[in-house]
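Heads up, the thing below is written out as structure tokens.
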Amino acid sequence: MTLLATESLTKTYGGRVTALADLTVSVEPGIIGLVGANGAGKSTLIKILLGLLPPTSGRVQVLGLDPTTDPAEVRARVGYMPEHDALPPDLSAAELVTHLGRMSGLPRTVARERASEALRHVGLHEERHRAVGGYSTGMKQRVKLAQALVHDPDLLLLDEPTNGLDPAGRDAMLALIHRIGTEFGISVVVCSHLLGEVERICDTLVAIDGGRLLRADRVAAMTTATDVLAVEVSEGTEELAARLAALDLPVSRDGRLLLVPLADDHTYDLILGAVAELDLPLHRLDQRRHRVAELFAPREPSHV
Amino acid sequence: MSDATGVIHDIGYQRYTGPRLGRRQVFGALYGHGLRTVFGLGRSAKAKIFPWLVVAVVTVVAAGLTAVRSQLGQVVLTYAQFADAMSWLVIFFVAVAAPELVSRDLRSGVLPLYFSRPLPRGDYALAKLAALMTALWLLLGGPQLVMFLGAAFTTSRGMRGVWDELLDLLPGLLYAGLWAVVFASIGLLVASLTGKRAFAAGGIVAVFLMTTPVVGVLSIMPSRTVNELAFLASPSSLVSGVGTWALGDLLTQGQEGGIPIGGFGPVYAVVAVLLVAACVSLLLLRYRKVAAR
């Protein structure tokens, strides 16, 4: 089944500003990254998918339904997490998510149960009974995600879910989204202006710029075959680079990171051995794909 | 989850296959939520102070009137005159309740969370409006009921007296409903224009109070027609005008009262209907714009 499909979708505001131009794209269920610079048309596309904005021309389908003619039907099966602050400060997360669950048509008791479930899944426990006004940005983002999840949608539309989060918060949010997409059986569209961020969790990438489609493809098809390991040590980066080079590993620098192509599991052992021998404080060692940024237009902002 | 081994940290995600309620029930849930919000139920103690203060004042006034009547046998205020006398309190009540219902949502940005759900955007506005109307009607109708009960229990004419009293009460409740519809429509429209509660409250009070002097000026103009149409200029006197025309003696019960609108009664009724219709249409238009943002 096709998750989303658009056909020559065009949206102009007042006949002058073009937000989307002749966008034709079709994606399968999974985790979809919708990337583009600010003002590329991501939010406009989301509003059209939700049936909140009528397209100027062209056709659009969400979960096999047409949001321009069946908006209620579409919205019943979609969860939306907006980009901007959207939480009344004086309500508790539990009350808010319960109320919004009822707004999605859940009976009262079911709404209460599913609200605490959804909040638990996003990692909010006892604090869910406190007023949202006192939450950190990370917790607020989690509440916004929980309210999108409360009515068990088939598709989540997340608009810049990592906005305003620190690196650890970003990683946690992305891991959570990845879990929703893989374990919960819910398809996810993640909007972001940071390609480097979404490419880690998505299996399909759709890149738009100036309302036009740059490229849409499976991530697997975009990335080159080899993966790289990123190594970060708190000190002694130079020593480690020299040591790894001496071990015949083609090491390269990327800021504070050392990048080593991953040949097989043995590469891990070599790096860990080198770090141990030099007695360096290892900060992180993780595997990542080649950045796919270079596959997109040069105007595309690459990564953080 | 069959294995009850005490693992509580993760029982996995459960899909929901139960019933999903339709538009009517969702509207009802939002309406109920709005009605509770107006009276501060389910909210902080601070949010309860003002609404319940007003409720207390109108109830005490009604109880006082009832006591006077039962002791002296004198009707100080009829049901309708009670509603008129309480109009200032109703205005302040609207000025606090309407921003609480809509301005708060505008400010916190929670509306996209509503509009991304099946509920049509018009339903949001109409449910809030219905909640405010009901709250205002309860605010005026509740004390009227207190007055009725007082009168019914102290009547000296048995069931006959209770029946007559009931016939006096019903037009009073109808009149209270008229107040509620007109004031809620205007108040909610004004409040929906701004996310700042203080501005919204000020705007509502201004609309109701600034128009009163206009009535005053028009009613001393040297033209009888202008005088008789003067009461159209302010929502409060407009409501009184419609009441005088539609319910007439039922409201004043033979006492002095009503306002001199001459033969223009139908004009008042038409203007009131148009005013409410215009407010509701503008409110719906307003939310069409808000939803598309």
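Both backbone and side-chain heavy atoms feed into the values below; hydrogens, waters and symmetry mates do not. Order of the sequence lines sets the chain letters (A, B, ...), proteins ahead of strands, with each chain counted from 1.
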Count the heavy-atom pairs under 4.5 Å between each of A:D90, A:L53, A:V74, A:L50 and chain B, then report the option with the highest count. A:D90
Closest non-hydrogen atoms of A:A76 and B:R20, given as atom of the first, atom of the second and distance, are O-NH1, 4.0 Å
Tell me which of these, B:L119, B:L30, B:L111, B:T17, has more heavy-atom pairs under 4.5 Å with chain A than the rest. B:L30
Would you mind checking which part of A:E73 comes under 4.5 Å of any heavy atom in chain B, side chain (CB onward), backbone (N, CA, C, O), both or neither? neither
Provide the closest heavy-atom pair for B:P118 versus A:R75 in the form atom of the first, atom of the second, distance. N-CB, 3.9 Å
Contact summary for B:V26 and A:G105, nearest pair of heavy atoms: CG2-CA, 3.7 Å
Has the side chain of A:R114 got a donor or acceptor atom that lies under 3.5 Å from a matching backbone atom of B:Q14? yes
Would you say A:F184 has more than 12 foreign heavy atoms packed within less than 6.0 Å of its CZ? yes
Return the orientation label for the A:H99 and B:Y114 ring planes: parallel under 30°, perpendicular over 60°, tilted otherwise. perpendicular
Heavy-atom distances under 4.5 Å only: say whether A:I186 touches chain B with side chain, backbone, both or neither. both
Can you tell me which of A:S104, A:P153, A:G185 forms the most heavy-atom pairs within a distance under 4.5 Å of chain B? A:S104
Please state whether the side chain, the backbone, both or neither of A:L149 comes within less than 4.5 Å of a heavy atom of chain B. both
Sort A:P71 into side chain, backbone, both or neither according to what part of it lies under 4.5 angstrom from a heavy atom of chain B. neither
Can you tell which part of B:R43 gets under 4.5 Å to a heavy atom of chain A, answering side chain, backbone, both or neither? side chain
Do the side chains of A:D154 and B:R15 get close enough for a salt bridge, i.e. N-O under 4.0 angstrom? yes
Taken to the nearest 0.5 Å, the spacing of B:S116 OG from A:L49 CG works out to 12.5 Å
Value for NE2 (B:H33) from CE (A:M103), rounded to nearest 0.5 Å, stands at 7.5 Å
Heavy-atom check, side chain of A:D85 versus side chain of B:S108, under 4.5 Å: no
Chain B contacts, top residue of A:L91, A:L106, A:L96 (heavy-atom pairs, under 4.5 Å): A:L106
Residue pair B:V110 / A:P88: nearest heavy atoms and the distance that separates them: CG2-CD, 3.9 Å
Testing the 3.5 Å rule here: is there a donor-acceptor pair between the side chains of A:Q147 and B:R117? yes
Pick one of side chain, backbone, both or neither for A:V150, based on which atoms fall under 4.5 Å of a heavy atom in chain B. side chain
I want to know whether A:H151 and B:Y16 have ring centres closer than 6.0 Å. no
Check each atom of B:R104 against the heavy atoms of chain A and say whether the ones under 4.5 Å are side chain, backbone, both or neither. side chain
Is any side-chain heavy atom of A:H121 closer than 4.5 Å to one of B:Y13? yes
B:K196, NZ: over 12 other non-hydrogen atoms inside 6.0 angstrom: no
